[in-house]
Structures are given as structure tokens and as C-alpha cells.
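This is a predicted model, so every value here is computed, not measured.
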Amino acid sequence: MSRKIRWGILSTGSIAKKFAAGLKSSPQAELVAVGSRRKETADAFADEFDIPRRHASYPSLVADAEVDAIYVATPHPMHHDDAILCLEAGKAVLCEKPFAMNELQSREMMEVAERCGIFLMEAMWTRFLPYYRKMRELIADGAIGEVRTVLADFGFRAGVNPEGRLFSPALGGGGLLDVGVYTVALANDLLGEPEQVAALADIGTTGIDEQAACVLKYGGGRLASLFSAVRTSTPMEATVLGTEGHIRLEGPWWRGEKFTLCRAGKDAEQFHLPLVGNGYNYEADEVNRCLLQGRTQSETVPHADTLRTMRTLDRIRKQVGLTYPMEGQA
């Protein structure tokens, strides 16, 4: 494999553009190709980001011998099939979140990756940001004692468009899968696998969750209180409560740079760890590192963590009665 990892991007939507911009700040990455379902959109994307190789179909992209890794940026109902298309062509995959529609699809993707011996990782980019790594380091060092509770919200108000990605069941719409995945991944990263789930949601006129709240109970009585929405604006903050203090992640915490450490009897400590690039470069750096070392999984976002997140989302959705038309067809 070349010293630089040669990247292709599958799809040309807004998240694909953010990742393409982020790759410019990843020293071991080279963006060489893009694939779309239409030549016009592939050409426009390639012109915008100065990409030499443009493909008018996804199969054409994955067959490109000049591509080492592919970022799957399609809507999440397509992740399963698109990721498997890449994996079976021998391409390493960084797949946008939510990783798939459910745990079953996720397992099928991972089984293909294992069978083919190919790298596969969920694009949980928050976990690689400098401020998040620093927070985890402080927690591991006992800065707030034992973590007992995680509070997190991620909500915004979007206009209702029944045909749009956020509100169409056929496109996997709703707050839980779009942004609730961040809150669940945070809680599970710090607390493990929940033993109990209690959830409520407001199911809107299009059949998706416009807002949802849940309480997760973990071993030892530890708790998480999480909120997500596509019709309600929230502070987008998170707080980690421990036996000896707490850490408050400033909003928007999922792409943050700042947090405050508060310990009993001590002055609050402010931490500011600015991003280099737009933040998407850090997850690309992880993929580059893993590929250059011959790894098929990331230690920071291993398959087991992704399955745990998807399993928890499945349990929450079951409680609130949220299903999608494509499930069971993977």
C-alpha cells in the first residue's frame, strides 16, 4: 500500500463535502476519487474538491484500482448494501453513522469485513477529537472519581419535509438515528452496556420520532439521561457526573473544543483544545494509521462498540414503537 492512503468518497451530499474538506488536513490521506449515481453530480463534486477521478456509479468507484479506502456517506438505509459493495471489492470502509438501520444489518456488514479481511469502522468522529480524548484521559485518571451518570442532548428544529431525509421513514428519518446515536454512543462509551431502557417519543405525522427521551440504567446503578430531536432546539451540551466531581462539555458537545472540570473544594478548570481542520480529519487519521499498520479494526471504535450502540438504539426504538419499512430486508 502507498505511503498515503488513497481515498474515495461514495455519495456527494453535505456530509461527504465535510469529509472531503477534512481530508485536506489529514497528512497521510489523498482524496483521489468520488462516486455518485449521476455523472453530473460526480463531476461537480470532483471540480469543487479538485478530485482527479470521478465515477458515475458506485460499482465503478469500488472497482477503481487507485482507491484504498472509501468513505460511505449515503443515507443510513443504504449503508448496509453500500458498505458491503465496497468490502467485497477489497476496499477499506469508513461508514457514516448510524452504522446501519439496526444491529442485524451491522453484524452482516462486519461478517463480510471479517470474511474478506478488510478494515471497517463506524465514523464516530467525536471520539477522535482532541477535547474528547482529553476528557477520557482525565476520567481514566480518576479526576471525577467513579462515573455515575451521563446527561446529553442533541436536538435542533428542522422544517417538516415528508420527502426529506429527516422526516421520511423510507430514508430512516427521525431524531434517534440521526443525532440520538451520538448521545447513546457517549453514554455507552463511558458506562458500558445498559441493563434497562426506559424511553418515550413523540412520533410525528410522517411516522418518525420528532423528539425522544430515554433513561438507561447500567450496572452498579449508574444512569444516563438522553434527549434527541429534529423539531426541538436544545443546548447540545453533555455532562459527566462522578463521585468526586463532574465534567461539562460545552455545546455543541459532539464537535466540541471546550469543557470544564469541576471538583469539590477546587476551582473549576477550563480546557480548550482547538480543532485542526474541521474535525473530520481525525477519524481519517485513525483509518490511515490502522491501514498502514495492517489492522482491520480500530481500537477506539471497535466493532463491539458499534454493535453495542446499535443494540441500544434497537431497544429504545422498540420501546417507542419506531420501525422502518426496509428493516428485515437486509
Say you draw a straight line from [atom1] of [X] to [atom2] of [Y]; how long is it, rounded to the nearest 0.5 Å?
X	Y	atom1	atom2	result
Ile9	Ile70	CD1	CD1	10.5 Å
Leu292	Arg295	CG	CZ	11.5 Å
Asp209	Leu177	CG	CG	7.0 Å
Cys95	Met124	SG	CE	11.0 Å
Thr206	Glu163	OG1	CD	10.0 Å
Ile118	Leu87	CD1	CG	7.0 Å

Using a 3.5 Å distance criterion without hydrogens, assess whether the side chain of [X] forms a donor-acceptor pair with backbone atoms of [Y].
X	Y	result
Asn278	Lys18	yes
Tyr218	Arg148	no
His79	Lys97	no
Asn281	Gly279	yes
Thr309	Asp305	yes
His246	Ile144	no
Tyr58	Cys86	no
Glu257	Leu275	yes
Arg53	Ala33	no

The test is salt bridge (Lys or Arg N to Asp or Glu O under 4.0 Å); show your working for Arg54 and Asp47 and say whether it passes. CA-CA 9 Å; Arg54 59 277 310 267; Asp47 289 343; 3.3 Å; yes
Could you tell me whether Glu40 atom CD has more than 12 heavy atoms of other residues or ligands within 6.0 Å of it?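 Check passes, neighbour count above 12.
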Any chance CG of Asp141 has more than 12 other-residue heavy atoms, nucleotides or ligands included, within less than 6.0 Å?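 Yes, the 6.0 Å shell around CG holds more than 12 heavy atoms from other groups.
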Smallest separation among heavy atoms of [X] and [Y], with atom names:
X	Y	value
Val34	Ala42	CG1-O, 3.7 Å
Asn288	Ala29	ND2-CB, 3.6 Å
Pro325	Pro169	CD-O, 3.6 Å
Phe99	Ser106	CD2-OG, 3.5 Å

Give the intermediate values and the outcome of side-chain hydrogen bond (donor to acceptor under 3.5 Å, both in side chains) for residues Ser298 and Glu286. CA-CA 7 Å; Ser298 162; Glu286 173 71 359; 2.7 Å; yes
Applying salt bridge (Lys or Arg N to Asp or Glu O under 4.0 Å) between Asp314 and each of Lys318, Arg317, Arg311, report the one that passes.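 The salt bridge (Lys or Arg N to Asp or Glu O under 4.0 Å) with Asp314 is passed solely by Arg317 among Lys318, Arg317, Arg311.
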Do [X] and [Y] have side chains that approach each other closer than 4.5 Å (heavy atoms only, starting at C-beta)?
X	Y	answer
Ser26	Tyr282	no
Thr74	Leu10	yes
Thr149	Ser225	no
Val240	Ile139	yes
Phe259	His272	no
Leu120	Gln297	no
Met326	Met101	yes
Pro194	Asn188	yes

What I want to find out is whether [X] reaches [Y] closely enough, with some N-O distance under 4.0 Å, to be called a salt bridge.
X	Y	answer
Arg107	Glu103	yes
Glu88	Arg115	yes
Asp189	Arg136	yes
Arg289	Glu299	yes

Derivation of the salt bridge (Lys or Arg N to Asp or Glu O under 4.0 Å) call for Arg38 and Asp43: CA-CA 9 Å; Arg38 295 189 299 116; Asp43 285 341; over 6 Å; no
Please work out whether the ring planes of [X] and [Y] are parallel, tilted or perpendicular, with thresholds of 30° and 60°.
X	Y	result
Phe45	Phe49	tilted
Tyr280	Trp125	parallel
Trp254	Tyr182	tilted

Ring centroids only, cut at 6.0 angstrom: are Phe19 and Trp7 within range, meaning strictly under it?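 Centroid distance Phe19-Trp7: below 6.0 Å, so yes.
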Just one of Val184, Leu190, Thr183 clears the side chain to side chain contact (heavy atoms under 4.5 Å, CB included) bar with Leu186, so which one?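 The side chain to side chain contact (heavy atoms under 4.5 Å, CB included) with Leu186 is passed solely by Leu190 among Val184, Leu190, Thr183.
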Please lay out, stage by stage, how Arg6 and Glu66 fare under the test salt bridge (Lys or Arg N to Asp or Glu O under 4.0 Å). CA-CA 7 Å; Arg6 300 167 299 178; Glu66 298 300 313; 3.1 Å; yes
Step by step, work out the salt bridge (Lys or Arg N to Asp or Glu O under 4.0 Å) result for Lys17 and Glu48. CA-CA 9 Å; Lys17 291 183 176 181; Glu48 181 177 353; 3.7 Å; yes
